[in-house]
Each structure stands twice: as structure tokens, then as C-alpha cells.
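These notes concern the structure reproduced below.
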There are 2 protein chains.
Amino acid sequence: MRKTYTISDLASEFDVTTRTIRFYEEKGFLKPGREGTRRVYSPSDRTRLRLILRGKRLGLSLDESAEIVMMYGSPRNNRKQLEKLIVRIREKQTELKSQQKDLEFMLLDLQEAENNCMATLTRMDSRKSLQEKT
Amino acid sequence: MRKTYTISDLASEFDVTTRTIRFYEEKGFLKPGREGTRRVYSPSDRTRLRLILRGKRLGLSLDESAEIVMMYGSPRNNRKQLEKLIVRIREKQTELKSQQKDLEFMLLDLQEAENNCMATLTRMDSRKSLQEKT
DNA sequence: ATTTTCTTTTACGTTAACGTAAACGTAAGG
DNA sequence: CCTTACGTTTACGTTAACGTAAAAGAAAAT
């Protein structure tokens with residue numbers, strides 16, 4: 001028997017509100033089953049949610065996130081569409097790689113900032129220990 | 001003589017509107033000089049803008065971006081504040097490194113998606129060439 | 001049985017990050 | 001001098017991504 005999840009299972013697992021999950025459904029990013037009136041989420045629903053949230057953490061809009069999720073879920077049949085999809089995938093890869101660069105530079109800047117702080121602290125310490133010697 | 005920039009210099013260089021730049025000033029992230037009524041931007045203003053926009057590309061809010069910019073601009077005098085700053089810097093570094101992980105995984109997923117697409121295309125090709133042989 | 005806990009739908013409210021427009025000043029070019 | 005281009009402030013509008021509240025049903029706990 002396949003595992004399923006309630007809406008609050010997912011909400012607490014991913015630390016979002018149920019409102020958020022319902023909102024994603026409204027927008028068409030999730031299509032859970034129903035048990036009577038209650039929503040029932042499959043493992044694949046769960047994966048989709050996880051991927052959408054990952055996209056969000058990277059600063060993508062919901063639409064962008066959802067597009068990417070579609071990308072790895074869709075075994076297109078039509079050749080034209082497949083070729084278009086490949087183009088979009090490569091565009092996204094390029095964007096993300098440029099974002100990687102931004103991240104690296106920001107980390108370098110932060111490292112430098114930290115070093116400066118540490119150096120200042122060290123200078124304060126050495127001055128203090130000099131004073132103690134008097 | 002130090003170089004300066006007009007608001008539209010910066011707007012066109014970084015591909016944002018002048019409204020955006022004035023908005024950042026309203027929020028206190030930029031404090032350009034004035035020449036009469038006109039805004040005059042220094043190289044350091046320009047750098048701040050550049051860094052804020054880089055933060056935005058990474059999905060940070062303006063406040064978060066601005067906080068980071070403050071981090072590498074501020075030679076604090078007070079020891080307590082310096083220690084706090086170092087803590088914040090390390091927190092940010094941790095966040096960004098986790099974001100790096102997300103990025104890597106998303107790139108891997110996209111690579112896999114691309115491979116699948118290519119494989120499908122290849123299969124379509126081979127079937128086509130078989131048909132041509134009949 | 002009833003209180004609490006979870007769920008549902010519907011709908012209005014909120015915040016960030018600008019967009020857009022009005023109404024006006026100024027400076028340079030023809 | 002007039003137009004054209006760029007600048008200013010003020011203020012209302014917009015979109016995304018939910019938050020929040022109301023009103024009601026169902027199930028689990030006491």
C-alpha cells in the first residue's frame with residue numbers, strides 16, 4: 001500500500017502553513033486526491049512540494065519554480081516540444097550558474113568582512129594586554 | 001577629481017529604473033549627495049547599489065541585502081557590537097552555503113532532465129532511421 | 001455527549017517592491 | 001524662445017504570496 005500524507009503532515013514537515021499548500025493547489029502546482037472532502041497527498045505530490053520550496057529558497061518565483069518542476073516530470077512525446085524543453089532547461093542552467101557565481105562572490109565578501117572584524121578584535125586585544133603590562 | 005554618477009547613469013548601468021533607485025534611498029539604503037536638487041552618486045554609492053542588487057538576484061529581501069552591505073562597510077568601534085557582527089556574518093555564511101547546496105541539487109536535477117530529453121530524442125531518431133531503411 | 005482538534009470553502013486583508021501618473025523645475029539644443 | 005530631455009516630489013496603483021477570519025462539517029479525545 002502506498003503511503004499518503006495529510007495536509008498538515010506536509011505543512012509541518014516542510015514548515016509551511018496549510019494555507020500555503022492550498023494556495024499552491026489553487027495555482028495548479030499540486031493536485032492531491034480526495035478522500036471524501038479531505039485532501040490526500042501522494043509521495044509524488046510531496047516531492048513536487050519539496051522541489052517548489054527549494055526553488056523558493058533560491059529566490060525563484062512560484063511560477064519559475066513550478067516550471068522547473070514540470071521540467072523533470074515530463075516525458076514529452078512531441079519532438080518540437082522536446083527540443084523547446086531542452087532549450088529552456090539550458091537557459092535555466094545558465095541562470096543558475098550565474099547565480100552560483102553571485103553566491104561565491106558574496107561568500108568571499110563575507111569572508112573578507114569576517115577577517116576584518118577578527119583583525120580589529122585582535123588589535124583591541126593587543127592594546128588591552130599592553131595596558132595591562134603598565 | 002572623484003568620479004560621480006547621475007541617477008540615470010546607474011539606472012542604465014544596472015538595468016533598473018530611476019524609481020527603484022529613489023525607492024532604495026527612501027528606505028535608507030542609499031544616501032547620495034546633492035548638487036542643488038539633483039542627486040549625485042559616488043563610486044561607493046554605486047558599489048552599494050551593485051551589492052544590493054546582487055543580493056536581490058540571490059532571492060534576499062532588500063532588508064537582508066542591505067544588512068549584508070552594512071556588514072562589509074562597517075569598521076565597528078565597540079567590541080560588543082563587533083562580536084555580534086561576527087556572529088551575524090557567520091549565520092549568513094551558513095545560510096548561503098545551504099543555498100549553495102540547493103543550487104547544486106537543482107543543477108543536478110536539471111542535468112538529469114536534460115539527459116532524459118536527449119535520450120528520448122535519440123530514440124526517436126533511431127526509430128526514424130529504421131523506418132527510412134524500409 | 002460534548003469538547004477539542006482538524007478539516008473544508010470563501011473572502012477580505014496585508015506586505016514588499018516597485019510601477020505609474022501628475023505637476024512641476026531646469027538645462028541644453030536648435 | 002520653445003521644445004525636448006531629464007530631473008524633482010507626492011501620491012495612488014499593482015502584483016505576488018500568502019495571512020487571517022468566519023462559518024461549518026467531521027473525527028478524535030475526554
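Letters A, B, ... mirror the listed sequences (proteins, then strands); counts begin at 1.
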*Heavy-atom contacts under 4.0 Å between residues 42-66 of chain B and DNA chain C, which residues?*
B:Lys56, B:Ser61, B:Leu62
Return the set of residues passing side chain to side chain contact (heavy atoms under 4.5 Å, CB included) with [X] (not counting sequence neighbours), or none when no residue passes.
| X | answer |
| --- | --- |
| B:Lys31 | none |
| B:Asp109 | A:Leu51, A:Arg54, A:Tyr72 |
| A:Asp15 | none |
| A:Lys84 | none |

_Distance check, rounded to the nearest 0.5 Å: B:Phe14 atom CZ versus B:Ile21 atom CD1?_
8.5 Å
*With rounding to the nearest 0.5 Å, note down the distance linking CG in B:Leu96 to CD in B:Gln93.*
8.0 Å
*Selection residues 35-44 of chain B - residue pairs positive for salt bridge (Lys or Arg N to Asp or Glu O under 4.0 Å), sequence neighbours left out*: B:Glu25-B:Arg39
*With sequence neighbours left out, which residue pairs that include part of residues 41-52 of chain B fulfil the salt bridge (Lys or Arg N to Asp or Glu O under 4.0 Å) condition?*
B:Glu13-B:Arg46
What is the separation between atom [atom1] on [X] and atom [atom2] on [N], rounded to the nearest whole Å?
| X | N | atom1 | atom2 | result |
| --- | --- | --- | --- | --- |
| B:Glu25 | D:dT9 | CD | C1' | 12 Å |
| A:Arg38 | D:dG25 | CZ | P | 13 Å |
| A:Lys27 | D:dT15 | NZ | P | 12 Å |

_Tell me the bend of the helix from C:dA1-D:dT30 to C:dG30-D:dC1 as the angle between end helix axes, each from five pairs, rounded to the nearest 10 degrees._
10°
*Are A:Arg22 and A:Glu26 ion-paired here, with the side-chain N under 4.0 Å from a carboxylate O?*
no
*With a 4.0 Å cut-off, would you call A:Arg79 and B:Asp125 a salt bridge?*
yes
*Identified side chain to side chain contact (heavy atoms under 4.5 Å, CB included) partner of A:Gln100 from the options B:Gln99, B:Gln100, B:Glu104*: B:Glu104
*Name all residues meeting the side-chain hydrogen bond (donor to acceptor under 3.5 Å, both in side chains) criterion together with B:Arg90; count only those two or more places apart in sequence or in a different chain, and write none if there are none.*
A:Glu114
*Just to confirm, is there a sub-4.0 Å distance from OP1 or OP2 of D:dC18 to any side-chain nitrogen or oxygen of A:Tyr24?*
yes
Contacts under 3.5 Å, N or O only, protein and nucleotides 9-12 of chain C:
residue: C:dT9; atom: OP1; partner: A:Arg34; partner atom: NH1; Å: 3.1
residue: C:dT9; atom: OP1; partner: A:Arg34; partner atom: NH2; Å: 3.3
residue: C:dT9; atom: OP2; partner: A:Arg39; partner atom: NH1; Å: 2.8
residue: C:dT9; atom: OP2; partner: A:Arg39; partner atom: NH2; Å: 2.6

*Taking only heavy atoms on the protein side, list every residue of residues 6-18 of chain B lying under 4.0 Å from any atom of DNA chain D, sorted numerically.*
B:Thr6, B:Ile7, B:Ser8
*To which residues is B:Leu108 joined in a hydrophobic cluster, defined by side-chain heavy-atom contacts under 4.5 Å among Ile, Leu, Val, Met, Phe, Trp and Tyr, whether direct or through other members?*
B:Phe105
